[in-house]
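Values below: every heavy atom of this structure, side chains too, minus hydrogens, waters and symmetry copies. Sequence positions, counted from 1, serve as the residue numbers for this chain.
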Amino acid sequence: MYPQQLIFALSAVLTFLPLGVLATLPFGHYGPEGAVLFLNGFHFVSGHSDWEISANHYCVIIADDILQCAIYNTATTPARLAGIEYIITTEAFETLDYEERQLWHSHVYEVTSGFLIEPGLPSSVDHTIMKDVLVGTYGKTFHTWRYDQQNSSYPIGIPELVMGYTGDDQITPDFVTKRDEMFGVNTTEIKESRCDISHPPILAGADSWKYGYVLSLGIVNQTSNTTFPSHGEKQAVLSH
């Protein structure tokens, strides 16, 4: 996919999202202002294939080769902001070094399996977005509200890296069924409707969990100078 196609293809959903989809989303939340894409998909926590997550994504365009998505966990009421996913094109992923690529997962199987859905959109629009935009992309996703703390009143603990599924028999079938019931969809039928979508090759380095790598964050305590520099010594970082 050429990067410019991202904006062109996503423009098709602008007609439908604000009134047609967002007004009917569960839990009464509407995602970030300016969202152009609402997705639901499945994640699992790096190193914990049994920690299955159904995640709502509210995505905005950052540039012609990247989307930024706020993620909510559908297992809690009210829905809690679980984390963030960055989605980039194949061309952008090719620029990453191999250490960085370990943090990213592919979307080929998520699209072709029917796992990744766009609730409420006409099937023709869904097909266009999946085929022309998402099937060849890669996602980098961190959840700040940990899976093992999802029943806590506060987001306790260190953020965790989550990954995407890449093949059959990896996710519990009943988990998919419950998601389908929530949104009134049928994953099997969606998969069949996408049978004409090609499977682009997955670039080396993505889906690092398949190689047995477990990537996790940790707190590193270090001592440092606790005094603040004078105003003349500070380097200002200005936001746009």
Side-chain angles (χ1 to χ4, degrees), residues 26 37-59 67-77 79-88 93 99-119 130 134-152 155-183 185 187-188 190-191 194 199 202-218:
L37 196 62
F38 171 60
L39 304 167
N40 177 270
F42 300 114
H43 294 155
F44 67 92
V45 177
S46 177
H48 297 276
S49 59
D50 56 328
W51 288 9
E52 301 170 334
I53 302 163
S54 172
N56 286 340
H57 303 57
Y58 296 88
C59 305
L67 297 173
Q68 174 178 280
C69 307
I71 297 176
Y72 290 81
N73 188 341
T74 64
T76 60
T77 302
R80 292 167 174 165
L81 181 63
I84 189 167
E85 177 165 4
Y86 300 99
I87 298 176
I88 61 174
F93 187 79
E99 182 178 39
E100 173 64 25
R101 291 186 185 191
Q102 297 178 83
L103 303 172
W104 297 76
H105 60 270
S106 63
H107 288 143
V108 175
Y109 180 78
E110 291 188 48
V111 168
T112 58
S113 66
F115 282 2
L116 190 62
I117 63 172
E118 297 168 286
M130 293 297 169
L134 293 176
V135 70
T137 60
Y138 296 81
K140 179 180 183 179
T141 312
F142 282 94
H143 283 193
T144 53
W145 205 304
R146 296 175 54 89
Y147 179 93
D148 58 2
Q149 297 293 330
Q150 60 184 302
N151 294 321
S152 298
I156 304 300
I158 300 172
E160 54 196 2
L161 179 70
V162 301
M163 291 292 184
Y165 295 96
T166 59
D168 297 336
D169 303 320
Q170 292 178 350
I171 193 172
T172 306
D174 285 348
F175 196 72
V176 178
T177 299
K178 290 179 180 178
R179 187 282 301 270
D180 287 1
E181 292 173 349
M182 174 181 290
F183 291 103
V185 300
T187 293
T188 301
I190 295 173
K191 177 181 179 179
R194 298 176 183 172
H199 296 222
I202 298 172
L203 298 180
D207 304 317
S208 59
W209 66 268
K210 295 192 300 183
Y211 307 103
Y213 300 149
V214 176
L215 305 177
S216 58
L217 304 181

> What salt bridge (Lys or Arg N to Asp or Glu O under 4.0 Å) pairs are there with at least one residue in residues 163-176, not counting sequence neighbours?
Replying inline: none
> Is the Tyr147 to Phe44 ring centre distance short of 6.0 Å?
Replying inline: no
> Distance from His143 atom NE2 to Gln150 atom CD, nearest 0.5 Å?
Replying inline: 11.0 Å
> With sequence neighbours excluded, what pairs up with His199 under the ring pair (Phe, Tyr, Trp, His ring centres under 6.0 Å) test?
Replying inline: none
>> With rounding to the nearest 0.5 angstrom, report the OH to CE distance, Tyr165 to Met163.
In response: 12.5 Å
>> Which heavy atom of Val111 sits nearest to which heavy atom of Val135, and what is that distance?
In response: CG2-CA, 3.8 Å
> Do Asn40 and Thr74 pass the side-chain contact (heavy atoms from CB on, under 4.5 Å) test, and can you show the C-alpha distance, the side-chain angles, and the key distance before you say yes or no?
Replying inline: CA-CA 9 Å; Asn40 177 270; Thr74 64; 3.9 Å; yes
>> Any donor-acceptor pair under 3.5 Å linking the side-chain atoms of Thr166 with those of Gln170?
In response: yes
> For the residue pair Ser54 and Arg179, what are the closest heavy atoms and their distance?
Replying inline: OG-CG, 3.7 Å
> What residues, two or more places apart in sequence or in another chain, satisfy ring pair (Phe, Tyr, Trp, His ring centres under 6.0 Å) together with Phe115?
Replying inline: Phe42, Tyr109
> Excluding sequence neighbours, so at least two apart, what forms salt bridge (Lys or Arg N to Asp or Glu O under 4.0 Å) with Glu160?
Replying inline: Arg146
> Passes side-chain contact (heavy atoms from CB on, under 4.5 Å), Glu85 versus Val162? Steps please.
Replying inline: CA-CA 10 Å; Glu85 177 165 4; Val162 301; over 6 Å; no
> Measuring from Met130:CE to Leu116:CG, what's the distance to the nearest 0.5 Å?
Replying inline: 4.0 Å
>> Is any side-chain heavy atom of Val45 closer than 4.5 Å to one of Ile53?
In response: yes
> With a 4.5 Å heavy-atom cut-off, do Ile88 and Thr137 have their side chains touching?
Replying inline: no
> Does a donor on one side chain and an acceptor on the other come within less than 3.5 Å for Glu118 and His57?
Replying inline: no
> Which one of Trp145, Tyr72, Tyr58 satisfies the side chain to side chain contact (heavy atoms under 4.5 Å, CB included) criterion with Leu81?
Replying inline: Tyr72
>> Between Phe142 and Leu217, is there a side-chain heavy-atom distance shorter than 4.5 Å?
In response: yes
> For the residue pair Thr141 and His43, what are the closest heavy atoms and their distance?
Replying inline: CG2-CE1, 3.7 Å
> Is the gap between the ring centers of Trp104 and Tyr138 under 6.0 Å?
Replying inline: no
> Taking it one step at a time, do Phe183 and Asn56 satisfy side-chain contact (heavy atoms from CB on, under 4.5 Å)?
Replying inline: CA-CA 11 Å; Phe183 291 103; Asn56 286 340; 3.3 Å; yes
> Can you check whether Ile190 reaches Val185 side chain to side chain, under 4.5 Å on heavy atoms?
Replying inline: yes
> So which heavy atom on Cys69 is nearest to which on Ile87, and how close?
Replying inline: SG-CD1, 3.8 Å
> When rounded to the nearest 0.5 angstrom, what is the spacing between NE2 in His105 and CG in Leu161?
Replying inline: 9.0 Å
>> Are Leu215 and Gln102 packed together at the side-chain level, in the sense that at least one heavy-atom pair is separated by less than 4.5 angstrom?
In response: yes
>> Testing the basics here: between Ala204 and Arg101, what is the closest heavy-atom pair and its distance to 0.1 Å?
In response: O-NH1, 2.8 Å
>> Assess the residue pair Asn73 and Arg80 against the criterion (side-chain contact (heavy atoms from CB on, under 4.5 Å)); give the C-alpha distance rounded to whole Å, side-chain angles, the decisive distance to 0.1 Å, and a yes or no.
In response: CA-CA 6 Å; Asn73 188 341; Arg80 292 167 174 165; 5.6 Å; no
>> List the residues meeting salt bridge (Lys or Arg N to Asp or Glu O under 4.0 Å) with Arg194, not counting sequence neighbours, and say none if there are none.
In response: Asp126
> Atom SG in Cys59, atom CD1 in Ile71: separation rounded to 0.5 Å?
Replying inline: 8.0 Å
>> Has Thr144 got a side-chain atom pairing as donor or acceptor with Ala82's backbone, closer than 3.5 angstrom?
In response: yes
> Looking only at heavy atoms, what is the nearest atom pair of Asp207 and Ser106, with distance?
Replying inline: OD2-OG, 2.6 Å
> Does the side chain of Asp180 come under 3.5 Å of the side chain of Thr187 through a donor N or O and an acceptor N or O?
Replying inline: yes
>> Per the side-chain hydrogen bond (donor to acceptor under 3.5 Å, both in side chains) rule, what does the pair list look like for residues 208-217, sequence neighbours excluded?
In response: none
